[in-house]
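One structure below.
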Amino acid sequence: MSQFLVPDMTCGHCVKAITAAVTEADPAATLQIDLPSHVVNVNSQTLSDDALLETLREAGYSPTLQAA
């Protein structure tokens, strides 16, 4: 599972946009999103951390990969 800090994720719309972007890139991915702490956990068997970072950036956010 990959964990990202997304400080500019601030509302329910952001959660929906991030979920849609990741599931479009990998329909089998599962996400756990903690809006108050701005943390997104993604479990994807096909997308690398770099690919997930790019997916989140393309959705309009500024993610950083958190240490495992």
Side-chain angles (χ1 to χ4, degrees):
M1 183 168 296
S2 303
Q3 185 174 81
F4 303 92
L5 180 63
V6 187
D8 45 359
M9 176 181 68
T10 59
C11 66
H13 178 277
C14 296
V15 171
K16 289 179 184 177
I18 287 171
T19 301
V22 172
T23 55
E24 181 179 331
D26 177 8
T30 58
L31 291 90
Q32 296 173 334
I33 298 177
D34 184 354
L35 183 57
S37 65
H38 308 282
V39 172
V40 177
N41 291 301
V42 181
N43 187 7
S44 173
Q45 299 301 314
T46 59
L47 298 174
S48 68
D49 289 341
D50 287 338
L52 287 165
L53 281 167
E54 186 59 28
T55 297
L56 295 172
R57 287 183 187 122
E58 287 177 2
Y61 297 93
S62 305
T64 54
L65 181 64
Q66 300 301 107

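Remember, predicted model here, so these are calculated numbers, not experimental data.
The minimum heavy-atom distance linking Leu5 with Ser37 is given by the pair CD1-O, 3.6 Å. For Phe4 against Gln66, the heavy-atom pair with the smallest separation is C-CG, 4.1 Å.
Scored by the side-chain hydrogen bond (donor to acceptor under 3.5 Å, both in side chains) test, Ser48 finds no partners at all (sequence neighbours excluded). By the side-chain hydrogen bond (donor to acceptor under 3.5 Å, both in side chains) test, Asp8 is found to be paired with Ser62, residues two or more places apart in sequence or in another chain being considered. With sequence neighbours excluded, no residue forms a side-chain hydrogen bond (donor to acceptor under 3.5 Å, both in side chains) with Thr10. For Asn41, the side chain to side chain contact (heavy atoms under 4.5 Å, CB included) partners are Met1, Gln3, Gln32, Val39, not counting sequence neighbours.
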Less than 3.5 Å apart, which donor and acceptor atoms pair up between the side chains of residues 52-59 and the rest of the protein, not counting sequence neighbours?
unit_1	atom_1	unit_2	atom_2	d
Thr55	OG1	Ala51	O	2.9

Validation: residues 14-24 side-chain donor-acceptor distances under 3.5 Å, sequence neighbours left out:
unit_1	atom_1	unit_2	atom_2	d
Thr19	OG1	Val15	O	2.8
Thr23	OG1	Thr19	O	2.8
Thr23	OG1	Ala20	O	3.4

